[in-house]
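Everything on this sheet refers to the single structure shown next.
In the text below, chain A, chain B and the rest are named by the order of the sequence lines, each starting its count at 1.
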Amino acid sequence: MMTKLALRQLKTQWRRPDGRALLMSIFLMTCLITLLNLTGERLQKSLVTRSAEMMGADLVLNSGRPLSPEWTARIKQSGLTTTQVTQFSSMVEAGDELLLTSIRAVDEPYPLQGKIVTSPAQNRETSPSQNKKTTEPSAALPSAGTVWAEATVLERLKIKRGDSLQIGYSTFTIERILISSPDRGTGFRSFNPQIIMRSQDLAATRVLAPGSRVQYRVLFSGPTKQVTETEQAFRPLLKSWQRLYAAKSDQPTSRNAMDNAAQYLKLSALFALLLGSFSIYLSLRRFSADQHRRTALLMSLGLSRKQLFQLFSAQLLAGWLLAAIPGTLLGLGLHHVVMWKLGTLLPQPLPPVGTLSLLSSPLLAGAILMIAGLATLLPLGNTSVLSLIRNDTNQAKSDKRLYWLTPLLVFLLIALFVDSITLALLLSISLLLCGWVAGLCVQFLIHTLNQSLKTKIRLFPLLTLRIRQQRQWHRLQGGVLTLLLTLMTVLFFARQDMLAQWQGQLPADTPNQFVINIQPWEKQSVTQWLADKGIPSTLYPMIRGRIESLNGQAIATAFTPEQRQHNALNRELNLTWGDQIPTHNTLIEGQWSNEDRAISIEKSMAEELSLTLGDELGFRVGSDLFSGKITSIRGVEWASFRPNFYVIFSPGVIDQLPATYITSFKINTQQKGASAELLQAFPTLTLIDIEQVLLQAQDLINKLSDSASLILLLTLLSGLVLVITTLQQDLAQRRFEVALLRTLGASANQTRSLDLLEYLLMGLSCGVMACVMSESLLFIIYKSLLKLDPQFHLLLWITLPLLATLLFTLTGLLTRKALTLPASYRLLKSSNS
Amino acid sequence: MFDQTSFAIEAHHLAKTFSTQAGIIRLFNDLSLTIRQGESVAIIGQSGAGKSTLLSLLAGLDTPSSGSVKLSGIDLNQLNDTARAAWRAAHLSFIFQSFHLLPELTALENVRLPLDIRGDKQAEQLAARLLEQVGLASRQTHYPAQLSGGEQQRVAIARAFVTQPAILFADEPTGNLDADTGENIITQLFELNAQQTTTLVLITHDSALAARCDRQFRLEQGILNEGLLS
Ligand SMILES: Nc1ncnc2c1ncn2[C@@H]1O[C@H](COP(=O)(O)OP(=O)(O)O)[C@@H](O)[C@H]1O
Ligand SMILES: [Mg+2]
């Protein structure tokens with residue numbers, strides 16, 4: 001029967017609006033946190049921390065140049081199983097279709113860890129003796145003259161398995177479709193559609209030439225101890241173009257886009273957690289206020305504190321089960337949707353969903369619920385039967401320590417979850433601060449709006465009273481709603497404007513084809529070919545080199561530590577030479593000079609490295625050392641899709657160094673076949689279709705921001721639940737006030753108009769405030785982050801206040817219950833609601 | 001059961017003061033009262049006289065500013081919180097002005113609730129019998145919302161008696177009911193009281209009801225006078 005009481009109590013209580021708000025916030029919280037947690041973790045796992053299965057080895061040596069004989073010897077000495085991989089980007093061709101792909105030329109054994117999954121599956125598992133008899137080598141790798149390619153390659157080239165495609169001068173048959181493979185390489189290489197071929201077929205394609213961007217990798221695998229020894233032995237020997245990655249231990253050295261995404265997920269998770277905890281706490285508070293009388297009664301009937309504790313715990317537990325399990329399941333489902341959307345952007349196979357991280361969000365919600373629940377419900381044990389005799393509604397004396405302990409504990413839990421106290425603290429404080437300021441502004445707006453109604457409506461005095469009474473709740477609701485609307489708006493417009501301006505900014509003659517890897521001996525004929533087609537273009541020589549010194553001083557002493565982080569000092573730069581500044585650059589300072597050893601450098605690099613006219617930069621290309629004196633500084637439009645360089649030499653300094661040529665041009669729709677023809681004529685050129693790249697980027701942005709929108713939408717829902725909870729906090733008082741007004745002669749219509757007016761003012765103020773905040777935020781983001789021209793969004797100023805008003809009025813009206821006159825009397829008479 | 005003393009309630013030199021922002025409210029200064037076991041006692045007085053406060057002192061719900069209260073020979077204020085609550089649960093029952101039934105439980109379930117809390121195996125039969133005695137046998141499965149005010153208070157009376165308390169405190173049990181219904185309720189209250197020989201402390205402002213008790217006290221200006229008339 002006690003269990004029956006508990007169950008009955010549960011049933012009625014979860015039917016109450018605050019009970020539902022509690023369930024809803026737990027549900028949304030677990031759903032969101034599951035989604036964010038799983039997504040964040042798997043992004044991190046698949047992109048940041050490398051596992052042996054994904055690297056295809058226990059240790060990987062990455063090199064921008066072919067291995068020197070010393071290295072080959074060292075690798076042999078290591079005693080580990082090794083294999084070499086050459087990875088490069090290249091155009092492939094089938095019929096009229098072209099595609100930029102990432103090609104790996106590999107040797108057996110490959111990979112050393114993990115496995116390649118293909119369709120149809122390779123028969124590596126069948127006993128090797130069978131394979132030996134056939135002339136075909138083991139099917140663990142493509143047969144000679146064939147390749148394995150990802151399904152995207154086939155789709156984009158409009159071919160099937162068994163068809164052939166062209167890489168450089170060679171034609172290959174597609175033997176299998178590549179479903180997933182370890183060792184995709186790093187950076188943007190890993191995003192391109194992948195092809196695997198045998199390294200013995202590589203030379204015949206003639207795609208690799210001096211200056212091509214190639215990554216030479218050595219994979220190692222063996223006993224852990226030996227791998228660690230090798231790693232330690234190799235690290236000090238690494239050259240600047242070499243990187244060593246060990247499975248698992250490697251943490252990212254620099255923050256990349258996906259790391260930012262993980263950060264964004266953490267931020268969202270934190271926001272959701274704060275919102276959720278707040279709603280849980282508030283609905284429990286409201287709930288416990290109503291439990292006061294009931295608890296007193298049960299205790300007068302002999303219920304002990306222990307039994308009371310059990311009753312409450314059972315109730316909280318049941319509520320948790322009811323909300324957290326569906327929440328987790330929905331979160332898991334949404335996570336799969338997001339992963340499926342991001343699918344092609346992520347290296348496959350994805351790491352499996354971790355059971356622990358799946359469990360962590362419902363457990364977290366449970367812990368928050370228990371902390372907040374017991375803190376608000378346990379003091380009820382102090383209620384005395386006295387309150388039933390006096391018929392008073394005095395709150396049980398709650399422990400002041402509990403009052404402070406609860407948010408502290410919840411905060412600690414959150415910090416633990418987000419894995420950083422500083423981040424949690426920083427974000428919580430800034431969110432609270434922004435929310436508080438927004439809340440104050442909203443309250444002020446409501447006040448001003450109300451004053452403007454002074455002579456216009458009869459309800460003005462009542463409305464003023466109401467607004468004064470509700471001001472603290474208005475502040476809270478205003479803060480939360482404004483913040484949420486702002487975040488949503490910013491995301492929406494940032495994406496919109498970014499895509500629109502990207503496309504809109506480009507002048508009509510912007511090149512849409514980029515060609516790299518033009519060999520010196522091809523320069524004349526390529527130029528001629530383009531001229532014959534009537535396509536204007538300029539070919540620029542490109543030489544890869546590093547900056548070594550400034551005014552005779554080595555980098556280490558010439559630049560500050562921050563400056564030394566600059567890209568230009570950390571990788572090989574594309575250098576060029578010419579007898580004038582390219583027409584698409586603008587001269588900013590100094591003069592172009594054709595003197596010996598004069599250089600022109602790019603503006604932002606000059607600023608960030610504090611370079612001025614007259615400075616002398618030392619360069620190294622291969623083993624050659626030379627220097628140049630800065631005679632001019634140029635402005636470069638990096639997004640112009642024309643060959644752009646940080647450094648341009650005057651003629652005579654680097655002309656003799658091995659160079660490849662690079663150019664870009666525009667072909668219009670009538671010349672569509674031109675690029676295919678160019679590749680037929682010069683098979684080793686790498687041609688990049690900019691429109692295709694842009695489409696891919698757009699796709700990426702769309703997919704990422706779609707996922708972000710989904711997360712924000714769920715967060716907005718949690719915010720609405722919080723608003724509903726706050727609307728219910730003083731529901732009793734509101735009902736009492738309405739009842740009083742009714743018995744004093746106000747019509748049902750009037751009391752409704754009063755509520756409606758309040759909601760309208762509230763929604764409108766939130767909307768306007770959100771407009772102000774979004775526009776300022778967008779302005780800052782555009783100026784400093786996206787480098788777009790800030791613009792005024794008229795649409796925003798119309799829709800947002802409308803939307804906010806609608807949202808708030810609907811929510812308000814949904815939670816409001818009309819009071820009839822007799823009900824009003826009853827309410828006032830019993831006065832113990 | 002309590003052979004140490006034949007007194008159900010012994011209150012000696014009770015004083016109660018409240019300090020409020022407006023100053024100190026002195027409800028009574030030196031108030032003594034003894035009630036024998038099985039006796040029914042009515043306390044009448046005007047609203048605000050301090051009747052409810054007195055009742056809460058007698059029931060050990062509140063501590064007096066000075067003086068002592070013994071229930072069946074035990075000074076509740078000497079016990080710790082848990083022991084006091086346990087003793088109260090075992091020996092006392094209350095009937096309130098607003099009936100305080102749990103809305104999600106049927107009449108029968110409301111009556112058996114105190115027995116269920118104690119884990120009594122015979123809860124069902126005992127509750128059904130008491131419900132029958134207050135004349136609500138046919139309303140067992142009805143919910144409070146389906147009962148009139150008088151019927152609800154009868155359920156509350158059945159609930160108060162079902163644990164066979166030593167002492168029953170009733171604070172204006174008819175306060176929310178019309179005169180006839182109130183009369184009815186009181187009749188049932190006295191019937192059950194006579195059957196179970198419960199000690200009854202009844203607070204009311206209705207002298208007709210008070211007259212039906214064994215003894216009557218008037219609480220006026222902090223002084224307790226025996227008898228109905230001043
Ligand atoms: N906790 C308290 N604090 C201050 N004043 C109180 C408190 N409890 C009761 N009172 C005051 O004591 C007086 C008597 O109250 P009460 O015992 O409820 O009277 P009665 O039940 O006779 O109507 C009232 O004036 C009331 O305001
Ligand atoms: Mg009273």
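When side chains are defined from C-beta on, A/Leu297 counts as touching B/Phe96, because their heavy atoms get closer than 4.5 Å. Using a 4.5 Å heavy-atom cutoff, the side chains of B/Leu113 and A/Leu298 are in contact.
Only the side chain of B/Leu55 has a heavy atom closer than 4.5 Å to any heavy atom of chain A.
Shown here is A/Arg471, whose CZ atom has no more than 12 heavy atoms of other residues, nucleotides or ligands within 6.0 Å. Heavy-atom contacts from other residues, nucleotides or ligands closer than 6.0 Å to CZ of A/Phe278 number 12 or fewer. The 12-atom threshold is exceeded at CZ of B/Arg84, counting heavy atoms of other residues, nucleotides or ligands nearer than 6.0 Å. Open room surrounds NZ on B/Lys70; 12 or fewer heavy atoms of other groups in view lie less than 6.0 Å from it.
Atoms OG and CZ, on A/Ser304 and B/Arg118 in that order, are 11.0 Å from each other to the nearest 0.5 Å. Going from atom NE2 of B/His100 over to atom CZ of A/Arg294 covers 12.0 Å, rounded to the nearest 0.5 Å.
Between B/Ile117 and A/Gly302 the shortest heavy-atom distance is CG2-O, 3.4 Å.
Applying the side-chain contact (heavy atoms from CB on, under 4.5 Å) criterion to B/Pro165, with sequence neighbours excluded, gives B/Ser93, B/Thr163, B/Gln196, B/Thr198.
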